[in-house]
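Accompanying notes for the structure given below.
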Amino acid sequence: HQERGVEYSDVCIQLLDRILRGCSLRCESLEYFVLALCHTVNQERFCDPSWELLRKLLGTHMGYASVEQLCHLLSCPDNYEKPPIIRGAIFFLSMALWGSKHVPSLQRSFVTVLPSFVKALGCVNAPVAYELALSMNRLVKKYGPQLQQNLWNYVIDVLEIISRQNNTFGGQQHKYAIGERINSTLTSMEKLYEAGTLAAKPEMFFNLLERWSHVRNSSSTELVIKFRVSFIHPAESCWVEKLNQLVEKFFKVESRQSVRIYILRVIFEMVTTWCFMFPNEMLDQIVLHNMRSVYREPCVAVRTAVTHHLVGLAQQCGSAHFEKIVYIIYKVASRSLDVPANITEAEEEETLQDAKVAVTGLVSIFKHKLFHLPTSHVSYVFQLLLTHMKKQFELSYSSHIAAVLKIAVFDCLLSLRANSHLHLGLRISDDTTEFSDFIYCDGRDLLQVADTFSAEGETLPMVPVVHGALHFADVMHLVEMCLAQEKHYSVVDVVLRQLSRLLH
């Protein structure tokens with residue numbers, strides 16, 4: 001039967017060619033003529049002859065009538081059960097109007113054709129969807145900068161419907177081929193958008209781009225994020241929910257590291273900008289809600305990025321959320337206590353990059369908060385640093401990264417100094433020490449301090465209403481543990497050098 005069908009098609013092509021050459025095609029026969037070519041063009045052997053025949057027809061006085069007939073075939077619901085006819089009509093129209101061998105005598109009027117393309121998607125068929133995706137790809141690449149908004153509406157509608165239908169098609173080969181064409185079209189549209197020549201509605205374009213963001217490159221996804229964030233503002237309704245939706249999709253669900261790190265940067269920029277006016281929403285409902293369990297994150301680069309942002313946020317934070325933010329950093333730092341014993345130095349450096357950022361971050365937060373109110377913040381960080389160091393010694397943790405972390409903490413704590421008024425400060429250089437107006441050494445009662453100064457004939461400086469104290473004896477206890485247990489010479493060397501400066 002197949003051989004017979006080929007013979008019939010061959011005879012049909014020859015007959016149609018003679019009719020056209022003899023100028024004997026009547027108007028009432030045009031429908032059947034076009035319909036026959038829509039059938040034969042689907043056969044690989046007769047594709048080129050069928051197109052050449054129709055191209056000749058379109059170049060005659062019946063050209064526009066033929067275009068109208070092809071559009072009618074696409075719009076007629078009776079043809080939705082006949083995919084070859086729909087596919088053939090799509091092929092002919094796209095080739096004739098914007099293909100590589102378009103018909104010069106036809107004035108391009110895309111607005112009369114594109115609505116029929118949208119209707120043609122009533123035929124849910126993979127080859128039809130592919131032909132449409134291919135047609136849109138050609139149109140956008142060739143005439144994208146010239147298309148007006150109303151035409152872009154049709155183009156994006158076609159691509160949106162195909163995108164939804166593509167999930168229902170059975171064969172993976174068809175899905176991949178259709179997806180490849182749509183992504184190629186999106187790449188062209190993205191270039192037009194960046195060049196400022198895309199006349200489509202931005203919302204429609206980015207809805208389509210976001211639908212395919214999971215298979216596109218990172219820069220494309222970042223463009224979607226940038227667009228979405230530009231419409232999120234505390235003055236808008238449901239802005240917290242919208243922001244959390246972005247975090248959910250592009251941070252929690254997303255698997256690409258670069259995209260996750262990008263959304264982190266965008267979110268924390270917004271938090272930094274608005275947290276002073278909306279601390280509960282920004283810190284509690286966004287940062288803490290989404291980053292509370294970051295220490296369980298499997299990707300070290302993402303953990304490191306989150307920790308870095310949290311350190312910067314904690315330094316600026318003066319609200320009640322400070323301790324919760326710092327505790328997340330502390331939990332990341334504690335990961336350095338759970339490393340396998342047989343890990344190499346290079347593997348440890350890579351695996352514990354986040355812990356290194358966390359511990360050095362706690363040190364930088366301590367130094368910053370020493371000179372700022374409220375004093376409870378610096379006291380809390382001080383206790384976390386002491387707790388972390390004690391655990392390192394209790395667990396006999398003596399790897400390379402442990403030495404680096406211990407050096408950072410000891411270098412900070414043994415740089416603490418107290419003046420004659422018991423103000424605590426930090427030794428900046430051999431000649432410079434900055435003292436805090438709020439933090440005192442060893443927690444003595446201020447009245448006892450005042451009595452001591454009065455007995456010595458000194459004048460007590462103005463004491464702040466809000467004050468705090470750090471127990472330096474705890475630091476010395478930590479030093480004792482270090483000198484008794486530490487195996488790394490570099491750590492002991494730093495401790496002894498700092499002790500000599502302290503006693504000088």
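Keep in mind that this is a model prediction, so the values were computed, not measured.
Between Gln165 and Leu121, the shortest heavy-atom contact is NE2-O, 2.8 Å. Residues Phe435 and Ala418 approach most closely at CE2-C, 3.7 Å, considering heavy atoms. Scanning both residues, Ile162 and Ala129, for their nearest heavy atoms gives CD1-O, 3.7 Å. Here the shortest heavy-atom pairing between Gln498 and Leu414 reads CB-CB, 3.5 Å. Nearest approach of Lys367 to Cys412, heavy atoms of both residues: CE-SG, 3.9 Å. Considering all non-hydrogen atoms of both residues, Ile90 and Ala120 come closest at CD1-CB, 4.3 Å.
Residues Phe251 and Val306 have side chains in contact (heavy-atom distance under 4.5 Å, counting atoms from C-beta outward). Contact of the Leu310 side chain with the Val287 side chain is registered, since non-hydrogen atoms from C-beta on lie closer than 4.5 Å. Residues His488 and Lys406 fail the side-chain proximity criterion, which asks for heavy atoms closer than 4.5 Å. Side-chain atoms of Thr387 and Tyr330, non-hydrogen and from C-beta on, do get closer than 4.5 Å to each other. Proximity of Leu186 to Ser220: side-chain heavy atoms (C-beta onward) are nowhere separated by under 4.5 Å. Taking the side chain as every heavy atom from C-beta outward, Trp98 and Ser135 approach each other to under 4.5 Å. Met389 is not listed as a side-chain neighbour of Leu413, based on a closest heavy-atom distance of 4.5 Å or more. Within the 4.5 Å cutoff, the side chain of Met95 has heavy atoms near those of the Ser100 side chain.
Within 6.0 Å of atom NZ in Lys356, 12 or fewer heavy atoms from other residues, nucleotides or ligands are found, so the atom counts as exposed in its surroundings. A 6.0 Å sphere centred on CD of Gln485 holds more than 12 heavy atoms belonging to other residues, nucleotides or ligands. For Lys390, the NZ atom sits in a packed shell: over 12 heavy atoms of surrounding residues, nucleotides or ligands are nearer than 6.0 Å. Heavy-atom neighbours of His388 NE2 from other residues, nucleotides or ligands within 6.0 Å: above the threshold of 12. With a 6.0 Å radius and a threshold of 12 heavy atoms from other residues, nucleotides or ligands, Arg497 has its CZ atom at or below the threshold. Applying the 6.0 Å contact sphere to NZ of Lys191 captures no more than 12 heavy atoms from other residues, nucleotides or ligands.
With respect to the salt-bridge test (charged N to carboxylate O, under 4.0 angstrom), the residues Lys226 and Glu222 do not qualify. Remark: Glu203 engages Arg228 in a salt bridge, criterion side-chain N to carboxylate O under 4.0 Å. Note on Lys242 versus Glu236: no salt bridge recorded, every NZ/NE/NH1/NH2 to OD/OE distance being 4.0 Å or above.
The CH2 atom of Trp152 sits 7.0 Å away from atom CG of Leu139, with the distance rounded to the nearest 0.5 Å. Here the straight-line distance linking atom NZ of Lys324 with atom CD1 of Ile328 works out to 9.5 Å at 0.5 Å rounding. Between the CD1 atom of Ile329 and the CD1 atom of Ile365 there is a distance of 4.0 Å, given to the nearest 0.5 Å. To the nearest 0.5 Å, atoms CG (Leu313) and CE (Met291) are separated by 10.5 Å. Once rounded to the nearest 0.5 Å, the distance linking CG of Leu288 with CE of Met282 reads 13.0 Å. Taking CD1 from Ile439 and OG1 from Thr375, the interatomic distance works out to 5.0 Å, rounded to the nearest 0.5 Å.
Side-chain contact, Gln316 with Thr272: no donor N or O sits under 3.5 Å from an acceptor N or O.
Ring centers of Phe268 and His309: under 6.0 Å apart, within the cut-off. Ring centers of Phe169 and His174: at least 6.0 Å apart, outside the cut-off. Aromatic pair Phe250/Tyr262: centroids not less than 6.0 angstrom apart. Checked against the 6.0 Å centroid criterion, the rings of Tyr154 and Phe110 do not qualify as a close aromatic pair.
When atom types are taken as modelled, the side chain of Asn244 and the backbone of Gln285 share a donor-acceptor pair closer than 3.5 angstrom. Checked by atom type and distance alone, the side chain of Lys142 pairs as donor or acceptor with a backbone atom of Gly99 at under 3.5 Å. Judged by distance alone, with hydrogens and angles left aside, the side-chain atoms of Arg303 form a donor-acceptor pair with the main-chain N or O of Glu297 at under 3.5 Å. Of the possible donor and acceptor atoms, one in the side chain of His233 sits under 3.5 Å from a partner among the backbone N and O of Ala235. The closest donor-acceptor contact from the side chain of Ser213 to the backbone of Glu210 lies under 3.5 Å. Side chain of Arg417 to main chain of Leu426: no donor-acceptor pair is present (N/O by atom type, distance under 3.5 Å, no hydrogens or angles). In this structure, Arg216 contributes its side chain and Asn183 its backbone to a donor-acceptor pair below 3.5 Å. Between the side chain of Thr185 and the backbone N or O of Arg181 there is at least one donor-acceptor pair closer than 3.5 Å. Although no hydrogens or angles enter the test, the distance criterion places a donor-acceptor pair under 3.5 Å between the side chain of Asn290 and the main chain of Ile286. Put simply, the side chain of Glu434 never gets that close to the backbone of Phe371: no donor and acceptor are under 3.5 Å apart.
Ring planes of Phe227 and Phe206: parallel class, angle under 30° (limits at 30 and 60°). The aromatic rings of His372 and His368 sit parallel, their planes meeting at an angle under 30°, below the 60° perpendicular limit.
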inquiry  = Please determine whether side-chain contact (heavy atoms from CB on, under 4.5 Å) holds for the pair Arg211 and Arg164, giving the CA-CA distance in whole Å, both sets of side-chain angles, and the decisive distance to 0.1 Å.
reply    = CA-CA 9 Å; Arg211 180 185 288 275; Arg164 292 196 296 268; 3.7 Å; yes
query = Would Val475 and Phe382 count as a side-chain contact (heavy atoms from CB on, under 4.5 Å) if you check the C-alpha gap in whole Å, the side-chain angles of each, and the deciding distance to 0.1 Å?
reply = CA-CA 10 Å; Val475 178; Phe382 181 71; 3.7 Å; yes
ask   = Going through the checks in order, is the side-chain contact (heavy atoms from CB on, under 4.5 Å) test met by Met476 and Leu499?
value = CA-CA 10 Å; Met476 299 314 297; Leu499 279 176; 3.8 Å; yes
task = Would you please test Tyr295 and Thr307 for side-chain contact (heavy atoms from CB on, under 4.5 Å) and show each step?
result = CA-CA 9 Å; Tyr295 62 92; Thr307 306; over 6 Å; no
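Relative to the six-membered ring of Phe322, Lys369 meets both conditions, a distance below 6.0 Å and an angle of at most 45° to the axis.
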